[in-house]
Amino acid sequence: MKITVSTWLVAAIAGIVGLWLLWAIFSVQIAHWFLGTIFVPTQAGPWGDSFGAFNAFFSALGFAAVACTLFLQMKVTDRQERDQHRQAFESSFFQLLTLFREVRGEVLFGYSKAYRDAKPGVTPIVQRGRVALRAAMAEVYWWIAEAEKEHRPLSKADLGSVYRLRIHRRYENSLSPYFRLVYTILDRIRTDKQLPQEEKIRFANILRSQLTTRELEIIALNALIDEAKDMKSLVEEYRLLKYLPNNPMRARLVRLYAPTTFTGRESS
């Protein structure tokens with residue numbers, strides 16, 4: 001059985017109290033035992049006074065015990081506060097995650113006329129949810145390939161400009177709430193002052209696990225435009241592109257994001 005600091009403290013206090021009781025009950029006998037044949041009852045007082053330093057030691061020990069108790073109580077209180085904060089953060093996080101799924105389900109996207117003309121047979125119907133995000137990436141892939149025919153490879157500004165013009169501006173009202181929620185979740189994780197770093201990484205990984213490859217790609221493209229504020233730094237810090245497959249989009253993004261964005265923590 002593991003013996004804790006508090007167990008030792010209780011044992012020490014019990015020992016001190018026991019010694020004090022023994023002294024209170026058997027002090028005369030103890031004095032007689034020590035003084036032997038020269039014991040005179042009137043000498044018991046002076047003999048007891050000779051233990052002043054001993055008494056001071058036990059007083060200091062008692063004070064130390066009280067201080068140690070207060071310290072342990074503070075540690076317990078601090079741990080309880082951290083646990084309560086973590087529970088509150090976790091509850092808020094999963095509420096936001098539920099809201100994120102709902103907002104994602106309402107995302108809309110329809111192919112542009114230019115894309116439909118270039119790709120006969122694609123549906124003219126406006127798509128919804130994950131299907132809409134997948135359709136948006138299909139179209140932006142095509143526009144990026146067209147832009148690269150004239151200027152290859154595309155810079156961060158060029159890639160962001162293609163995405164903004166061909167996708168974001170056309171369906172900004174539908175896409176913006178989706179990206180704002182991703183940003184809000186990650187920013188809350190980053191700015192929390194009590195969560196340890198390993199917990200922050202865990203929560204960010206939970207969010208990443210909810211995102212498809214096409215979602216990761218469109219989030220990465222959106223983070224390149226000015227409207228996304230510091231979303232790019234969040235994508236990099238929490239390594240959202242770690243599981244992005246080796247495809248043409250990853251090859252483009254590798255040039256624009258920090259190398260650690262695509263690696264696991266164990267590789268850093």
Side-chain angles (χ1 to χ4, degrees), residues 82 85-86 88-104 107 129-130 132-134 136-138 140-141 144 153-164 167-168 175-268:
R82 289 199 306 269
H85 174 80
R86 182 186 174 283
F89 183 91
E90 191 172 76
S91 175
S92 174
F93 172 82
F94 284 108
Q95 287 175 6
L96 281 173
L97 207 57
T98 299
L99 179 60
F100 167 74
R101 296 190 192 99
E102 293 174 358
V103 169
R104 178 173 59 190
V107 169
R130 282 180 168 174
L133 294 166
R134 189 163 60 245
M137 280 308 303
V140 80
Y141 258 111
I144 290 173
L154 298 181
S155 66
K156 172 187 171 184
D158 293 334
L159 200 58
S161 179
V162 172
Y163 163 78
R164 180 193 291 108
I167 306 298
H168 190 78
L175 289 169
S176 290
Y178 172 84
F179 294 123
R180 277 198 294 269
L181 264 174
V182 174
Y183 178 88
T184 297
I185 293 171
L186 291 174
D187 188 57
R188 284 196 178 186
I189 294 172
R190 179 171 64 180
T191 57
D192 190 276
K193 298 184 183 302
Q194 295 191 41
L195 282 180
Q197 184 64 15
E198 59 270 20
E199 281 293 304
K200 292 185 177 186
I201 293 170
R202 186 178 75 86
F203 282 118
N205 288 348
I206 291 173
L207 172 63
R208 185 178 63 192
S209 70
Q210 304 297 305
L211 305 172
T212 65
T213 295
R214 296 298 170 254
E215 286 181 87
L216 291 171
E217 291 175 342
I218 200 168
I219 288 170
L221 289 176
N222 179 264
L224 299 178
I225 65 177
D226 294 338
E227 293 91 327
K229 299 196 296 184
D230 59 338
M231 181 64 183
K232 184 173 181 289
S233 67
L234 288 168
V235 172
E236 291 176 333
E237 181 174 355
Y238 292 109
R239 309 186 182 199
L240 292 193
L241 307 183
K242 173 184 176 181
Y243 294 113
L244 204 62
N246 288 318
N247 60 18
M249 184 56 69
R250 180 187 176 111
R252 296 179 181 103
L253 296 173
V254 162
R255 296 183 292 101
L256 306 177
Y257 280 87
T260 53
T261 313
F262 304 86
T263 63
R265 299 279 166 184
E266 66 282 357
S267 302
S268 58

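The first residue in the sequence is number 1, and the count goes up from there.
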(request) Taking all heavy atoms of E215 and all of Q210, pick out the closest pair and write down the distance. (result) OE2-O, 3.9 Å

(request) Report the C-alpha distance between L240 and T261 in whole Å, list the side-chain angles of each, state the deciding distance to 0.1 Å, and finish with yes or no for side chain to side chain contact (heavy atoms under 4.5 Å, CB included). (result) CA-CA 7 Å; L240 292 193; T261 313; 5.8 Å; no

(message) Within the structure provided, determine whether T263 and R239 are in side-chain contact (heavy-atom separation under 4.5 Å).
(response) yes

(message) Under a 3.5 Å distance rule, please check whether S92 uses its side chain to pair with a backbone N or O of F89 as donor and acceptor.
(response) no

(message) Quick check for you: to the nearest 0.5 Å, what is the distance between M249 atom CE and I144 atom CD1?
(response) 3.5 Å

(request) Identify the two heavy atoms, one from M137 and one from E217, that lie closest to each other, and give their separation to 0.1 Å. (result) CE-OE1, 3.4 Å

(request) Spell out, as yes or no, whether a donor-acceptor pair under 3.5 Å connects the side chain of R214 to the backbone of L133. (result) no

(message) Please find the pair of heavy atoms, one from L253 and one from A220, that lie closest to each other, and give the distance.
(response) CD1-CB, 3.7 Å

(message) Measuring from atom OH of Y243 to atom CG of N205, what distance do you get when rounded to the nearest 0.5 angstrom?
(response) 7.0 Å

(message) Is it the case that atom CZ in R188 sees more than 12 heavy atoms from other parts of the structure closer than 6.0 Å?
(response) no

(message) Regarding R190 and S233, do their side chains bring together a donor and an acceptor under 3.5 Å, going by distance alone?
(response) yes

(message) As an exercise, state the distance from CZ of R250 to OG1 of T213, rounded to the nearest 0.5 Å.
(response) 10.5 Å

(request) Could you tell me which non-hydrogen atom of I167 sits nearest to which non-hydrogen atom of A136, and how far apart they are? (result) CD1-O, 3.5 Å

(message) Within this structure, what is the OG1-CD1 distance for the pair T212 and I218, rounded to the nearest 0.5 Å?
(response) 9.5 Å

(message) Closer than 3.5 angstrom, by distance alone: can the side chain of T184 be matched with the main-chain N or O of L181 as a donor-acceptor pair?
(response) no

(message) Quick check for you: to the nearest 0.5 Å, what is the distance between L221 atom CG and L216 atom CG?
(response) 11.0 Å

(request) Please report the closest heavy-atom contact between M231 and L186, naming both atoms and the distance. (result) CE-CD1, 3.9 Å

(message) Please verify the inter-ring angle class for F203 with F94; under 30° counts as parallel, over 60° as perpendicular, anything in between as tilted.
(response) perpendicular

(message) Keeping S161 on the side-chain end and D158 on the backbone end, is there a donor-acceptor pair under 3.5 Å?
(response) no

(request) Report yes if the side chains of E199 and R202 come closer than 4.5 Å at any heavy-atom pair, otherwise no. (result) yes

(message) Could you measure the distance from the CG atom of N222 to the OH atom of Y183? Nearest 0.5 Å is fine.
(response) 12.0 Å

(request) Mind listing the closest non-hydrogen atom pair of L195 and R86 along with its distance? (result) CD2-CG, 4.3 Å

(message) Does any part of the side chain of K200, heavy atoms only, come nearer than 4.5 Å to the side chain of E237, both counted from C-beta?
(response) no

(request) For the residue pair F262 and Y257, categorise the inter-ring angle as parallel (less than 30°), tilted (30 to 60°) or perpendicular (more than 60°). (result) perpendicular

(message) For a 4.5 angstrom cut-off between non-hydrogen side-chain atoms, does S155 reach R255?
(response) no

(request) Quick one: sort the Y163 and F179 rings into parallel, tilted or perpendicular, breaks at 30° and 60°. (result) perpendicular

